[in-house]
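First comes the structure, then the notes that go with it.
Since the model is a prediction, treat every value here as computed from it, not as a measurement. Each chain gets a letter, A, B and so on, in the order its sequence line appears, and its residues count up from 1. These values consider heavy atoms only, across backbone and side chains, with no hydrogens, waters or symmetry-generated copies.
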Amino acid sequence: MNDYKVKKSYPFDAIEPKWQKFWEDQGLFRVDVDNPVSKYYCLVMFPYPSAALHVGHGRNYIIGDAVARYKMMRGFCVLSTMGFDAFGLPAENAAIKGGLHPKVSTLNNIANMKRQLHQWGCGYDWPKEVISCLPEYYKWTQWVFLKLYEKGLAYKKRQAVNWCPSCQTTLANEQVVDGSCERCETKVIEKELEQWFFKITSYADRLLEDLSLLEGWPERVRTMQANWIGKSHGVDISFPVVDEKEPLHCFTTRVDTIFGATYIVLAPEHPRLGSLLRAVDNRAEVERAVSGMKAQDIITRTSTETEKVGVFTGRYAINPMTGEKIPIWVGNYVLMEYGTGSIMCVPAHDERDFQFAKRYSLPIRVVIDRPRDPLDVKSMSGAYVEEGVMVNSGPFNGISSREAMEKIADDMEKRKIGKRTVNYRLKDWLISRQRYWGAPIPIIYCKKCGIVPVPEKDLPVVLPDDVKFQPTGVSPLKGDEGFKHAKCPKCKSEAEREVDTMDTFVDSSWYFLRYLSADDPKKPFDSKRVNNWLPVDQYIGGVEHAILHLLYSRFIVKVFYDLNLVSFKEPFQRLFTQGMIIKDGAKMSKSKGNVVSPDELIERYGVDTVRLYTLFIGPPEKDAEWNDQGVEGAYRFLGRFWRLVDGINDWNVEGKVEANVLRRMAHETIKKVTDDLEGDFHFNTAISTIMELLNAVYQFRPKDETDRALLKECAKTMVLLLSPFTPHICEELWRRLGHKASVLKESWPRYEEKHLVREELEIAVQVTGRVRSRIVVPADISEEELKQKALNDEKVKSWIEGKQIKTVIIVPKRLVNIVI
RNA sequence: GCCGGGAUGGCGGAAUGGCAGACGCCUGGGACUUAAAAUCCCAUGGGAAUUAUAUUCCCGUGCCGGUUCAAGUCCGGCUCCCGGCACCA
């Protein structure tokens with residue numbers, strides 16, 4: 001920032017705090033949730049408490065606040081709430097590095113964020129605030145766990161995790177850099193831990209089906225969710241194993257290619273592997289290769305770029321359709337998480353299998369052919385994955401592969417060698433975290449009674465404050481004897497607590513219900529209230545949450561629905577995902593050092609300027625580049641606006657704009673702004689239309705009382721239209737225009753159709769698609785007259801002279817195209 | 001790699017298949033001023049022709065091709081960039 005003082009265009013520093021206090025004192029954002037009349041639940045994704053908000057964060061809250069204010073003016077009873085997703089890894093990591101206790105730093109951060117939100121003029125029903133790291137909240141997160149446990153939807157199983165042997169801790173995929181721990185660079189290994197899961201897979205079908213109910217969601221988010229769930233139909237085929245009783249199961253979506261299955265590949269983690277290798281001579285060698293594959297991370301393994309590596313187990317299976325003996329391999333590109341962890345390989349018709357077969361010289365057999373251009377194995381450079389005609393497939397030869405898909409499945413089901421199944425890519429939700437700063441999982445392990453849930457009356461299982469944060473990576477809870485010690489709720493004997501905490505996504509999967517009963521000590525939420533208020537009318541947040549958070553929230557709500565706790569199937573009626581704010585080509589973040597602090601900007605220009613620029617910067621669903629000079633433009637506009645409405649402007653221009661044009665523009669502006677707010681929240685175009693209106697007003701010179709009344713009407717309209725975006729200046733100007741009540745209590749301006757009508761239109765005249773002239777015609781001209789007028793235009797004449805006119809296309813109110 | 005999205009002047013962006021570049025920024029010029037700031041007005045995609053200084057023409061929406069009277073917009077094939085990928089939230 002330059003050090004000279006800018007002369008203020010208007011006294012924002014005096015008016016902004018004044019109106020913030022006014023809204024707060026008047027309780028304009030407080031809602032009596034038991035008496036909703038035309039309710040509107042406007043929800044912004046609650047944030048993780050970071051040290052200070054930058055202008056990139058601001059976009060989310062400013063959009064939410066603009067929507068809430070607009071809906072209030074439309075007469076809705078708007079509930080707009082705020083809370084904090086306060087558990088999480090960064091606060092704990094900071095504590096380990098010698099920083100403050102997570103509870104202290106988190107609550108400090110929350111206090112600062114609340115100061116900033118207030119400073120931004122964002123109105124919330126603060127008494128309903130929720131903070132997920134406080135026992136009053138996480139007591140009920142634990143209750144959610146118990147409900148899922150009762151329903152059989154929470155279970156324990158062994159699962160491989162990324163483990164750093166030096167830090168003695170679990171790592172997220174993002175903490176693994178090139179196979180090593182990001183902190184100490186030790187090689188990361190796979191380790192199996194007993195962990196808690198939520199059975200989201202049993203809701204896979206409903207989560208997929210009900211996407212069709214979500215018409216108010218962006219199509220891309222629905223597509224991403226559908227792909228994430230990844231439903232596929234196929235056949236589970238039993239392959240008998242030579243010298244074994246138990247067959248191997250392979251799931252395939254391409255049963256039509258079964259006659260071309262020339263080998264089988266197992267995932268390195270496949271449970272049958274140990275027994276299959278028992279009697280194999282080079283067992284040690286094979287196992288070494290297998291552990292090498294396990295060391296690769298998932299992203300590398302599934303990449304088609306990564307070299308497919310494998311090892312032959314020395315064992316064989318039987319292709320149940322051909323009766324052939326086919327080898328069983330282990331390969332890095334097969335994942336235990338998907339399907340059955342073993343695949344039948346058809347190199348001629350699957351790209352990955354093709355690469356693998358080439359590398360290890362495994363047989364390739366074409367079973368689906370292209371009739372026009374038959375395939376030849378010797379010359380194939382890749383797999384043929386399209387449909388075609390069956391060949392080399394015994395009784396199925398000659399029919400189409402599509403038809404064969406059904407016939408072969410029927411045949412296999414009849415002979416009991418295969419079964420049609422549905423498979424999902426979606427995995428169960430792993431909720432265990434070996435960390436301190438999260439809600440403890442309410443489970444007790446008793447030597448006699450086994451796994452015993454903590455009874456509801458004993459909740460919350462309180463997170464002990466007095467723990468040691470050490471850089472060993474071991475969860476502080478694990479070393480806390482006082483916490484670990486518990487009495488079995490059933491038999492009262494000595495027992496141990498679960499020391500893992502829950503994934504923070506559990507906290508955030510139900511918070512929108514808690515807002516309605518934030519201070520209720522007896523229950524997590526009130527069914528009657530949530531049934532009145534939900535689904536959320538408008539949910540607003542970052543597109544980075546398009547899959548996980550939204551899917552988990554949908555899942556938990558469906559579980560509550562099944563428990564008769566709520567009467568709605570989906571939590572969020574409409575979803576808006578806003579884009580990120582970019583600075584110098586990268587996402588704004590503290591670590592990249594490209595953050596723009598709102599505090600300085602607010603001091604210099606006032607918060608309405610920052611809000612206006614944030615909304616004007618671009619279409620809100622797209623990423624946008626922050627530009628400090630653009631802020632200046634927003635500030636200039638507000639100064640112009642202020643001077644006009646406050647009446648101190650004595651512009652001395654000729655009246656270029658006529659009264660009837662100005663009136664029409666005013667009504668067009670109301671229509672455009674309203675349409676933008678009712679549609680996709682394109683604040684940028686709404687604001688630019690208001691700017692055009694202001695520019696026109698500056699070109700208008702009132703001549704008489706009628707003109708002055710029109711001018712005043714325009715001023716009033718602009719104050720109301722801008723008030724959701726820049727509420728402080730508008731609240732102030734509204735008073736100066738002589739009104740007593742808050743703009744929020746005012747109703748949204750209406751436009752009149754009769755004022756939108758134009759008397760004359762400018763029509764473009766094209767000659768074979770190129771604009772050659774423009775003509776002004778009466779708005780009610782007939783097509784024939786228009787055509788004649790176009791043909792007789794001087795400029796047009798010179799282009800069509802001596803040419804034959806093929807046809808004339810007329811687009812009403814827009815153009816005439818003369819095709820020669 | 002897989003899934004989703006994007007690419008338009010010097011910059012952010014605007015455009016129901018129908019006049020590309022609204023609005024804002026930057027820049028240049030002018031008015032006001034002792035001067036500056038602020039403010040107000042005008043110009044502003046690139047190239048060319050004419051000097052009649054107003055107008056005309058040509059080229060332009062990441063790249064290659066197609067459909068159409070007409071394509072930033074639709075179709076096919078690429079390139080590059082961004083988000084998510086299950087322990088960041």
side-chain contact (heavy atoms from CB on, under 4.5 Å) involving [X] - partner list, sequence neighbours excluded:
X: Leu207(A); answer: Ile200(A), Tyr203(A), Ile229(A), Leu551(A), Arg554(A), Phe555(A), Lys558(A)
X: Glu678(A); answer: Tyr70(A), Lys71(A), Arg74(A), Thr674(A)
X: Lys231(A); answer: Asp205(A), Leu208(A), His233(A), Val422(A), Tyr424(A)
X: Trp799(A); answer: Val767(A), Arg772(A)

Without placing hydrogens or testing angles, list every side-chain donor-acceptor pair under 3.5 Å for residues 805-818 of chain A, not counting sequence neighbours.
| residue | atom | partner | partner atom | Å |
| --- | --- | --- | --- | --- |
| Asn817(A) | OD1 | Thr768(A) | N | 3.3 |
| Asn817(A) | OD1 | Gly769(A) | N | 3.0 |

List for me each residue that meets salt bridge (charged side-chain N to carboxylate O under 4.0 Å, His left out) alongside Glu760(A), sequence neighbours excluded, and say none if there are none.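 Testing Glu760(A) for salt bridge (charged side-chain N to carboxylate O under 4.0 Å, His left out), a comparison that skips the adjacent residues, returns none.
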Pair up each side-chain donor or acceptor in residues 612-619 of chain A with any protein partner under 3.5 Å, not counting sequence neighbours, and list the distances.
| residue | atom | partner | partner atom | Å |
| --- | --- | --- | --- | --- |
| Tyr613(A) | OH | Asn627(A) | N | 3.1 |
| Tyr613(A) | OH | Asn627(A) | O | 3.4 |
| Thr614(A) | OG1 | Val610(A) | O | 2.6 |

Categorize [X] for me: base, sugar-phosphate, or nothing, with a 4.0 angstrom heavy-atom threshold over every strand shown.
X: Gln225(A); value: nothing
X: Arg433(A); value: base
X: Ser432(A); value: base
X: Leu548(A); value: base
X: Met45(A); value: nothing
X: His549(A); value: nothing

Taking atom [atom2] of [N] as reference, at what distance in whole Å does atom [atom1] of [X] sit?
X: Trp437(A); N: rC88(B); atom1: CH2; atom2: C1'; answer: 17 Å
X: Phe505(A); N: rC85(B); atom1: CZ; atom2: C1'; answer: 12 Å
X: Glu621(A); N: rG4(B); atom1: CD; atom2: C1'; answer: 14 Å

Atom pairs under 3.5 Å: protein N/O with N/O of nucleotides 67-70 of chain B:
| residue | atom | partner | partner atom | Å |
| --- | --- | --- | --- | --- |
| rC69(B) | O2 | Asn817(A) | ND2 | 2.3 |

At under 4.0 Å, does any side-chain N or O of [X] touch on OP1 or OP2 of [N]?
X: Gln699(A); N: rC41(B); result: yes
X: Asn227(A); N: rG4(B); result: yes
X: Arg643(A); N: rC40(B); result: yes

Which atom pairs link the protein and nucleotides 24-29 of chain B when you take only N or O atoms and keep those under 3.5 Å?
| residue | atom | partner | partner atom | Å |
| --- | --- | --- | --- | --- |
| rG24(B) | OP1 | Asn695(A) | ND2 | 3.0 |
| rC25(B) | OP1 | Arg636(A) | NE | 3.0 |
| rC25(B) | OP1 | Arg636(A) | NH2 | 2.9 |
| rC26(B) | OP2 | Arg636(A) | NH2 | 2.9 |

Expected rows: protein N/O vs nucleotides 14-17 of chain B N/O, under 3.5 Å:
| residue | atom | partner | partner atom | Å |
| --- | --- | --- | --- | --- |
| rA14(B) | OP1 | Asn684(A) | ND2 | 2.8 |

inquiry  = Which label fits His549(A) and Tyr539(A): parallel for a plane angle under 30°, tilted from 30 to 60°, or perpendicular past 60°?
reply    =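 His549(A) and Tyr539(A): tilted rings.
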**Prompt:** Between His545(A) and Arg425(A), which has a closest nucleotide on RNA chain B that is more 5'?
**Reply:**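 Counting from the 5' end, the first nearest nucleotide belongs to Arg425(A).
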Check this for me, if you would: do [X] and [Y] make a salt bridge, where the nitrogen-to-carboxylate-oxygen distance has to be below 4.0 angstrom?
X: Lys797(A); Y: Asp793(A); value: no
X: Arg433(A); Y: Asp503(A); value: yes
X: Glu668(A); Y: Arg664(A); value: yes

Taking the same atom, P, in rG21(B) and in rG60(B), what whole-Å distance lies between them?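 Looking at atom P only, rG21(B) and rG60(B) are 16 Å apart.
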Per-residue pairing states of RNA chain B in dot-bracket (Watson-Crick or G-U under 3.5 Å; . unpaired, | other strand) read (((((((..(((.....[....))).(((((.......))))).(((((.....)))))..(((((..]....))))))))))))....
5' to 3', nucleotides 53-59 of chain B under a 4.0 Å protein heavy-atom cut-off (B base, S sugar-phosphate only, - none) gives ---SSSS
